[in-house]
There are 2 protein chains.
Amino acid sequence: MALPTHPEHRPDDRPGERLAALASLLADETRAAFCLALLDGRAWTAGELARYARVAPSTASEHLGKLVAGGLLTEERQGRHRYVRLADPRAAHLVEDLAAHTAPPRASPYTLRAASASAAMARGRTCYDHLAGRLGLAVTDAMTVRGLLRQDTGFALTDLGVEWFGEQGIGLDRTGRRPLVRPCLDWTERRPHLAGAAGAALCRHVLDTGWCVRIGSGRAVKVTPRGERALYEGLGIEPRILR
Amino acid sequence: MALPTHPEHRPDDRPGERLAALASLLADETRAAFCLALLDGRAWTAGELARYARVAPSTASEHLGKLVAGGLLTEERQGRHRYVRLADPRAAHLVEDLAAHTAPPRASPYTLRAASASAAMARGRTCYDHLAGRLGLAVTDAMTVRGLLRQDTGFALTDLGVEWFGEQGIGLDRTGRRPLVRPCLDWTERRPHLAGAAGAALCRHVLDTGWCVRIGSGRAVKVTPRGERALYEGLGIEPRILR
DNA sequence: ACGACTCTTCGGCCGGCGCCGAACCGTCCC
DNA sequence: GGGACGGTTCGGCGCCGGCCGAAGAGTCGT
């Protein structure tokens, strides 16, 4: 027996349907705040997000339901906690891209605490799974002037760059469907920095080797003394840029 | 006298505000349909868009007001017409990207007319200002295998590729802030094709030299016999791929 | 000057959705 | 077992926003 399809229903007669549905997920201020918070790549609990966005737990729960159903987030239940994170690099990319389109960075922060926190964020932070902030830019720029990355005719590693990753002992996974290299336009600095599988591998490497450490539990990262030496020797990055 | 700023208003206390505002523009089915239609890069009148999306002229007018105010569209008044187009390549890129995230391409078209129209679209079309469809992919792939473009470690023209543009007499404008080359992930074919300033220059070139012509007034383009020869001789593209 | 045409403004309607609090369920810890 | 805690479900409230039709303003052609 055939499904009772309405005769007037034409499949492509509503060109904007899917696009609107996707955009709707981010069209709410609370959900947008959730996604921006999750750009740090970590898993947050529902309660953390609720407090962060200053809404009732019940409200947050409903929003998370929509974001998960929409495929933007994945959840992981552990005991009485509901951990939630961006579903995959594609979802992170989407949020990044949209955020990058939201015009000017905001004015100077009000409190001292906020000022020092945002200064740390400006120095170095992670953006989902790669390095961003001045640190991310410094690495990207250093790789560019050293001929490891070319930005003048697109955005791609050179042969030299691929070699360099090998020398550093950073494995490049070229199997997945994820692009090896892509630019990520950060919304404070207005210039692209290295993202994609290579960017993620590099970020993992600098954290694993102790070149950088996370500050507290947030997105901000700090370069260690050892990391300063390594970045200077390996890429010619002046330590003072990172301070 | 100071402005009566509310003391509790903290500027970065609403992280998702801007993102949500931007997403809201596309979160309506009618507005989304408008933007998708405008991806052809042409200027549409308000009435055309209203008929296309099947809403009253008054409704369309209101939507256009929002899209223009949000910076996604620009308008140009001519007599009693209001011509509207995507504001810039960045806006087009945004819509493309979001559209690319909306999952699977839809099922086979119902009517014969729609089938032949979408077949023409699949063969070749423009996506804002560059080539897409099988034609766009064929060009991108041919450039890749000939070493003009590298996609394995990112997405960038090679030196050979820059040279090739020069040989073809296609000027590459590297002054603007627009990236020279970027990938555009099309939402029917799931692979990237050449976009950015170079993609636009190439598209302009094939239309100017008569290698391709637009079919009717839409986005679909057709390769001329002369174009077939040129594409075969210049890039080794088999004519049958384009049929 | 007149009518045809395009677009805009306004009022009003309606549905959807974001929000909360209360009640409830399950987990963890004493 | 009892209490604290995290999350969810449900009902209800209020508002925002998309839709239309009617009326009006500006433009073009005859």
Side-chain angles (χ1 to χ4, degrees), chain A residues 13-38 42-70 72-85 217, chain B residues 8 13-38 42-70 72-85:
Chain A
D13 204 21
R14 301 173 62 181
E17 193 177 12
R18 310 179 76 90
L19 176 53
L22 177 60
S24 296
L25 290 177
L26 293 171
D28 173 78
E29 196 172 324
T30 301
R31 284 196 297 269
F34 283 6
C35 291
L36 288 176
L38 289 165
R42 295 180 311 143
W44 292 50
T45 68
E48 282 171 338
L49 287 170
R51 284 188 298 276
Y52 172 74
R54 307 184 190 233
V55 291
S58 55
T59 304
S61 179
E62 287 170 0
H63 284 309
L64 291 181
K66 293 187 185 184
L67 288 168
V68 169
L72 232 47
L73 267 45
T74 52
E75 64 185 15
E76 207 171 319
R77 312 262 177 164
Q78 276 181 27
R80 54 184 168 184
H81 293 282
R82 178 195 208 176
Y83 285 98
V84 76
R85 63 169 73 237
S217 60
Chain B
E8 288 187 19
D13 204 19
R14 300 173 62 180
E17 192 176 14
R18 310 180 77 90
L19 176 53
L22 176 60
S24 296
L25 290 177
L26 294 170
D28 173 79
E29 197 172 324
T30 302
R31 284 196 297 269
F34 284 6
C35 290
L36 288 176
L38 289 164
R42 295 180 313 145
W44 292 50
T45 68
E48 282 171 336
L49 287 170
R51 284 189 297 277
Y52 171 73
R54 310 183 189 234
V55 292
S58 55
T59 304
S61 179
E62 288 170 359
H63 284 309
L64 292 180
K66 293 187 185 185
L67 289 168
V68 169
L72 232 46
L73 267 46
T74 52
E75 62 184 19
E76 207 171 319
R77 312 261 176 164
Q78 277 181 26
R80 53 185 166 184
H81 293 283
R82 178 196 208 177
Y83 285 97
V84 75
R85 64 169 71 238

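Everything quoted here is computed from the prediction, not taken from an experiment. Lettering of chains follows the sequences in order, A, B, ..., and the numbering in each one begins at 1.
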Atom-pair distance ([atom1] on [X]; [atom2] on [N]), nearest Å:
X     : N      : atom1 : atom2 : value
B:E75 : C:dT6  : CD    : C1'   : 14 Å
B:W44 : C:dC7  : CH2   : P     : 13 Å
B:D28 : C:dG16 : CG    : C1'   : 12 Å
A:L67 : D:dG7  : CG    : P     : 15 Å
B:Y83 : D:dT27 : OH    : P     : 15 Å
A:K66 : D:dT9  : NZ    : P     : 13 Å
B:R77 : D:dA25 : CZ    : C1'   : 12 Å
B:R14 : C:dG18 : CZ    : P     : 15 Å

Quick note, A:S58 side chain, CB onward, closest among C:dG26, C:dC7, D:dC10 is D:dC10
Counting only side-chain heavy atoms from C-beta out, which of C:dC19, C:dC28, D:dC20 sits nearest to A:R80? C:dC28
Looking across every strand, which nucleic acid part, if any, lies under 4.0 Å from B:R31 by heavy atom: base, sugar-phosphate, or nothing? sugar-phosphate
Think B:T59 has a side-chain N or O under 4.0 angstrom from the OP1 or OP2 of D:dC19? no
Tell me whether the OP1 or OP2 atom of C:dC19 has a side-chain N or O from A:T30 closer than 4.0 Å. yes
Could you go step by step and tell me if B:E75 and B:L64 meet the side chain to side chain contact (heavy atoms under 4.5 Å, CB included) rule? CA-CA 9 Å; B:E75 62 184 19; B:L64 292 180; 5.9 Å; no
Heavy-atom nearest nucleotide on DNA chain C for A:H63 versus B:R51: which residue maps closer to 5'? B:R51
With nearest nucleotide decided by heavy atoms, which residue, B:H81 or A:A56, maps closer to the 5′ end of DNA chain C? B:H81
Let me know, please, whether A:R82 or B:E62 comes out on the 5' side of the other along DNA chain D by nearest nucleotide. A:R82
Knowing that exactly one of A:L73, A:T74, A:D28 qualifies, which makes a side-chain contact (heavy atoms from CB on, under 4.5 Å) with A:L67? A:L73
Within this structure, what is the OG1-CD distance for the pair B:T45 and B:E76, rounded to the nearest 0.5 Å? 13.0 Å
Sub-4.5 Å side-chain heavy-atom contact between B:S24 and B:K66: no
Dump the intermediate steps for side chain to side chain contact (heavy atoms under 4.5 Å, CB included) on A:R51 and A:R54, then the final yes or no. CA-CA 5 Å; A:R51 284 188 298 276; A:R54 307 184 190 233; over 6 Å; no
